[in-house]
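Since the structure comes first, as structure tokens, the remarks are kept for the end.
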There are 2 protein chains.
Amino acid sequence: MDKPVTIYDIAKKVNASAATVSRVLSNSSYPVSLEMSKKIRKVAEELKYSPNMLGRQLKKNNSMTIGVIIPSISNPFYSEIVLGIEEVARNNGYHVLLCNTHQSLELEHEYLQTLIEKQVNGLIISSVILNKDMLSEYIRRKINVVSIDQMIEDADIYQIGFDYRKGGYMATSHLIAKGHRKIAFVTAPLDRPSRKGTYRGYLEALEDYGIKPLESWLQVSERGEEGIEGGTWEFAIGKKLTQRLLSLEQRPTAIFACNDMIAFGVINELNNQGIEVPGEMSVIGFDNIEMTQMIYPPLTTIGHPKYEMGRFAGNMLFDLLKGVESNIKEVVLQPKLIERKSVEVLLDEER
Amino acid sequence: MDKPVTIYDIAKKVNASAATVSRVLSNSSYPVSLEMSKKIRKVAEELKYSPNMLGRQLKKNNSMTIGVIIPSISNPFYSEIVLGIEEVARNNGYHVLLCNTHQSLELEHEYLQTLIEKQVNGLIISSVILNKDMLSEYIRRKINVVSIDQMIEDADIYQIGFDYRKGGYMATSHLIAKGHRKIAFVTAPLDRPSRKGTYRGYLEALEDYGIKPLESWLQVSERGEEGIEGGTWEFAIGKKLTQRLLSLEQRPTAIFACNDMIAFGVINELNNQGIEVPGEMSVIGFDNIEMTQMIYPPLTTIGHPKYEMGRFAGNMLFDLLKGVESNIKEVVLQPKLIERKSVEVLLDEER
DNA sequence: CTGTTAGCGCGTTCAA
DNA sequence: TTGAACGCGCTAACAG
């Protein structure tokens, strides 16, 4: 109802100046007599004073806010990353402005723009479009940015990535070690560094073991329509690509999905067609999202330290904000094989 | 590197006043000659001017930001709601400041505080602690709040809820209609209006059909430890409570879980113990999160319009912000039975 | 149509 | 230890 109370209102009540009130209520190190300090705090309480951060932020040119740009929070992969970032931000007294691009370039540009206008102190981004040229814009504006998950090659930028190639190699060689030779790779479009890396790992493993893959064992979906991106869409392409695979003359004995959501689609379709997992078909996923432990059979997959990646990125960013210049600009987190129940040994006679 | 450019810098370059520049660049309706307007825009472009919203916001006393407080974004139930809110916010030119309380009262209070300080224009909250008394605080500060999902009784507040009681009734009577009489209810602690409602619906359905439930068929977990709340925890309690149920002399023939994550735990444990779903045990969930379609067997559940709830709440809030006083303060969304494959008819002789 | 002035709420000189 | 004055960047009121 009433006008918001400001430091001037308090100053008037205690016969002091706004400057003194400010010094007390912003916990400044500036000396103020204990008596006065107490009086001010008491009145502030009575008047239910709440500081207007816009004033402080404008003055200090510091919004105490960081921006986070990701494809979609409804994707459990990203929600875990965000959780990690948020925790670090909170511990540093910062807030997070979250932006979901839904894979739209337009939206990503728009958000980038408004984040700058809102004077965020830093930016953590998992982007499909960010490139070297765009970075200079941020540097010019003194905004620190940390890129995550999707590596930007040759850019002098802080980034924390994940070794997708090695992960792809691990998954594939695990299947090979279990006796599989006919290994399909089911994936969303190879338009991102991460997926390209995983695919490369798949190919390298096959080559190292002297296996020549059939071309039809690489199943790439078309680009998803905007809007229905996310879990449901990936699940759907997992199903669709599996149908194609099953209609092949030369069926694979194992399927490697480029992420867990797609793997769920693969398993679901196999179930639908009465093909037992892992008895008749082995399946391996990628990312180790929480749900992988909850389905039946529990999914064998490649562990991706999502939460830690968020924390890492957050810590890196706040180090930068504090001026702790680090000489390591690039961190690459490592994959880890998580064996569960969706992969089975293939006996020689079954090959 | 260089100092950020302000409207004054532009004004100097074009020999105009800052006011004129402001009028042009903020798309004010105030008349400015086309010539001048063009010149200003050109120079703004050259200098790569980007407005500092803090200045505008302080002046206008409007942060163009709304706050959203929920338990955790990593819970798919909430991430869908947030997606709905975010869409509406974006269409209205607003940003969302997201806060995850992780079920901690302290954190919720802390966030509430900082949101006020950051001068959010409105608040959408799914809270466990919000009560009538706290609301006056917001009203006093002219902050519009819309409460979602967890109804606050007897409060003169805008809220958009869901009929959990009816949902509970639906789920239970569906099981009854399929011939079940021994129906267990597996739930997280009944400390929230939503869960209490669901439980009440369960009891009422049983009573209407003249079924006296065994006390042991109500299985309530202890409170979860902080931090490990969320999907994994709920999954775990689903498993644990199922173990208890199976050790009973009088086993139920169907299990009703208070949400889908718990239902996943139930099914997983049943699988582990070699009990077939739905052949030997029917299971029904609640919420209809995306994953329910992705597991095997697909989960029969009660549909909760999460995304729509988010959109509804967002629209309601923005109506308030625009001054469109509505006379409906309370909306209750309706449940819907989603039949899939986890419930089977129980024949008479099996009872 | 344009410019001058004032002030949003706060923190920081500088002087007392 | 305190206060007066100024300015962060922007917009609204008023005057011309």
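Chain letters run A, B, ... following the sequence lines, proteins first, then strands; residues in each count from 1. Just the heavy atoms: all of them, side chains too, but no hydrogens, waters or symmetry mates, feed the values below.
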Between [N] ([atom2]) and [X] ([atom1]): distance, integer Å:
X: B/Q119; N: D/dC10; atom1: CD; atom2: C1'; answer: 16 Å
X: A/I40; N: C/dC10; atom1: CD1; atom2: C1'; answer: 14 Å
X: A/K118; N: D/dG9; atom1: NZ; atom2: C1'; answer: 16 Å
X: B/I10; N: D/dG9; atom1: CD1; atom2: P; answer: 13 Å
X: A/I7; N: D/dT2; atom1: CD1; atom2: C1'; answer: 14 Å
X: A/N27; N: C/dT12; atom1: CG; atom2: P; answer: 12 Å
X: B/E117; N: C/dC10; atom1: CD; atom2: P; answer: 10 Å
X: A/Q57; N: C/dT12; atom1: CD; atom2: P; answer: 14 Å

What nucleotide, of [options], holds the atom closest to the side chain of [X]?
X: A/L58; options: D/dA12, D/dC8, C/dG11; answer: D/dC8
X: A/K59; options: C/dG11, D/dC10, D/dG9; answer: C/dG11
X: B/P31; options: C/dC1, C/dG3, C/dC10; answer: C/dC1

- Considering heavy-atom distances to DNA chain C, does B/T20 or B/G55 have its closest nucleotide positioned more toward the 5' end? B/T20
- Query: Quick one: on DNA chain C, does A/T6 or B/A18 contact a more 5' nucleotide (nearest heavy atom)?
  - Reply: B/A18
- Query: Ignoring hydrogens and angles, are the base of D/dC10 and the side chain of B/Y8 linked by a donor-acceptor pair under 3.5 Å?
  - Reply: yes
- Item | Base C/dC14 paired with A/Y30 side chain (donor-acceptor, <3.5 Å) | yes
- Task: Take A/N62 and A/M64 through the side-chain contact (heavy atoms from CB on, under 4.5 Å) test and state the conclusion after the steps.
- Result: CA-CA 6 Å; A/N62 177 355; A/M64 296 298 281; 3.7 Å; yes
- Item | Comparing B/R23 and B/S50 on DNA chain D - which has the more 5′ nearest nucleotide |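 It is B/S50, whose closest nucleotide lies nearer the 5' terminus.
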Indicate, with a heavy-atom threshold strictly under 4.0 Å, whether [X] touches base, sugar-phosphate, or nothing.
X: B/N62; result: nothing
X: B/D9; result: nothing
X: B/S22; result: base
X: A/L54; result: nothing
X: B/S28; result: nothing
X: A/N52; result: sugar-phosphate
X: B/M36; result: sugar-phosphate
X: B/A16; result: sugar-phosphate

Residue pair [X] / [Y], side-chain heavy-atom distance below 4.5 Å:
X: B/V332; Y: B/M151; answer: yes
X: B/K322; Y: B/N92; answer: yes
X: B/T65; Y: B/K118; answer: no
X: A/I66; Y: A/V120; answer: no

- Message: Working note: A/N100 + A/S74, criterion side-chain contact (heavy atoms from CB on, under 4.5 Å); need CA distance, chi angles, decisive distance, verdict.
- Response: CA-CA 9 Å; A/N100 301 206; A/S74 72; over 6 Å; no
- Message: Whether the A/S194 and A/Q150 side chains hold a donor-acceptor pair (N or O, under 3.5 Å, no angle test) is what I'd like checked.
- Response: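 Yes - a donor-acceptor pair under 3.5 Å links their side chains.
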- Task: Indicate whether any N or O donor in one side chain lies under 3.5 Å from an N or O acceptor in the other, for A/S26 and A/S28.
- Result: no
- Task: Examine D/dA12: is either OP1 or OP2 under 4.0 Å from a nitrogen or oxygen in the side chain of B/K60? Give yes or no.
- Result: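 Yes, because at least one side-chain N or O of B/K60 sits under 4.0 Å from OP1 or OP2 of D/dA12.
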- Does C/dG9 have OP1 or OP2 sitting under 4.0 Å from an N or O in the side chain of A/R56?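 A/R56 to C/dG9 OP1/OP2: no side-chain N or O under 4.0 Å.
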- Message: Run the side-chain contact (heavy atoms from CB on, under 4.5 Å) test on A/V24 and A/V21 for me, step by step, so that the C-alpha distance in whole Å, both residues' side-chain angles and the decisive distance to 0.1 Å come before the verdict.
- Response: CA-CA 5 Å; A/V24 172; A/V21 176; 5.9 Å; no
- Where does DNA chain D pair, written as one dot-bracket string 5' to 3', with Watson-Crick or G-U pairs under 3.5 Å, ( ) inside the strand, [ ] for crossing pairs and | for another strand? ||||||||||||||||
